[in-house]
Amino acid sequence: MELPNKGTILILPAVSSANVPQLAVDLLVHSFRIPFYSLLDHGGLLYPFAGPREDPAPLENDTATRPPKRGIASSLEVYHNSSVTCLIQRAPTLPASRNLFISKVLLPFIQQNKFSRIVLLSSTDASRRSDPGGQKVISISLFDRSFQGISTPTILDLSRKIAKLSVDEATSQPEYEEYALPSRLPGSGITLPFLKAAVQNNLPVLSIILYAYEGDNFADAYYMAQLTLDVLAIGSPPAWTPPPSWEGVYGKKPKVGLEHGLYG
């Protein structure tokens, strides 16, 4: 698929632990009103998924001429404007299909549209980490400090930091020693295979990986969304706007007077 605007920033959320990346990108899409562009053919490499799509509200100057769209959400969606593209994966890959999905779907899409920067958002199972009191976030940069908005240390310094943050202590040298990719990230989906492919294809990727537990992860989603803006040197929106569906995730709030029960 060829997008109308080349050289935009690509934000790619991996299907991963607690679905924090999807929540964060949905929050960004609705807060910045990034319009839905199209579904992307995944070649049958993702589990089938369909449901009602929640498009962001139109920009204020468009409300009179362009009402909010309605449509069907699917396994792989593209939201796009002149500066940002969000490729939202909403379903996991089929068994033994991660590398195929990366090589046959993601890499051609990336190469065809010549994205200036790629931000891979991911999460990993916090209950399976070996250092429960460690940092909450792993940041992996596959480019130098010329990346706008990021003041990272050198690759050598990053390697030392990331090595300490890996989920399990490596028993052997990592395959990509120069970038010190963690040996394991349980529950992180396509994250490690994509990072390895990014190294091989010299892609300008930054990955933000959050340790997360299953449960109410709205706070983690806000945190990851803000981290994404910080690394891209983009200001926060005037007000964060969550998708309408977030209101009913944990049921409706009880009416005033019912919080103490029938006889409270």
Point-to-point distance, once rounded to the nearest 0.5 Å, from [atom1] of [X] to [atom2] of [Y]:
X	Y	atom1	atom2	result
L45	L76	CG	CG	10.5 Å
L10	C86	CG	SG	8.0 Å
R128	Y213	CZ	OH	13.0 Å
L232	L227	CG	CG	11.0 Å
L121	I209	CG	CD1	10.0 Å
I138	Y211	CD1	OH	3.5 Å

- Count the heavy atoms of every other residue, nucleotide or ligand shown that sit under 6.0 Å from NZ of K104, and state whether that count exceeds 12. no

- Item | Greater than 12 external heavy atoms within 6.0 Å of I72's CD1 | no

Is the backbone N or O of [Y] less than 3.5 Å from a side-chain atom of [X], with the two atoms forming a donor-acceptor pair by type?
X	Y	answer
N113	L3	yes
Q112	M1	yes
S16	G189	no
S207	L120	yes

Quick one: do [X] and [Y] end up in the same hydrophobic cluster if we chain Ile, Leu, Val, Met, Phe, Trp and Tyr together by side-chain heavy atoms under 4.5 Å apart?
X	Y	result
L100	L195	yes
I118	L192	yes
V137	I11	yes
V105	L94	no
I110	Y37	yes

- Message: Pairing donors with acceptors under 3.5 angstrom, does anything connect the side chains of S17 and S123?
- Response: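 Per modelled atom types, S17 and S123 side chains form no pair under 3.5 Å.
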
- Any side-chain donor-acceptor pair under 3.5 Å between T8 and T85? yes

Do the side chains of [Y] and [X] get nearer than 4.5 Å, heavy atoms only?
X	Y	value
E214	S127	no
F101	P193	no
V25	Y79	no
L106	L87	yes
L203	L107	yes
R117	L206	no
N19	N217	no
S75	Y47	no

- Query: L229: what forms a side chain to side chain contact (heavy atoms under 4.5 Å, CB included) with it, not counting sequence neighbours?
  - Reply: L28, F32, Q226, I234, S236, P237, W240

Considering all heavy atoms, the nearest [X]-[Y] contact:
X	Y	answer
P56	V29	CB-O, 3.7 Å
T124	P186	OG1-O, 2.7 Å
N5	N81	ND2-O, 3.4 Å
M224	I208	CE-O, 3.9 Å
I190	I102	O-CD1, 4.1 Å
F115	I9	CD2-C, 4.4 Å

- Message: Run the side chain to side chain contact (heavy atoms under 4.5 Å, CB included) test on V20 and Y223 for me, step by step, so that the C-alpha distance in whole Å, both residues' side-chain angles and the decisive distance to 0.1 Å come before the verdict.
- Response: CA-CA 10 Å; V20 177; Y223 179 54; over 6 Å; no

- Query: Which residue pairs pass the side-chain hydrogen bond (donor to acceptor under 3.5 Å, both in side chains) test when at least one of the two sits in residues 21-32, sequence neighbours left out?
  - Reply: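 Every pair satisfying side-chain hydrogen bond (donor to acceptor under 3.5 Å, both in side chains) with a residue in residues 21-32: D26-R90.
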
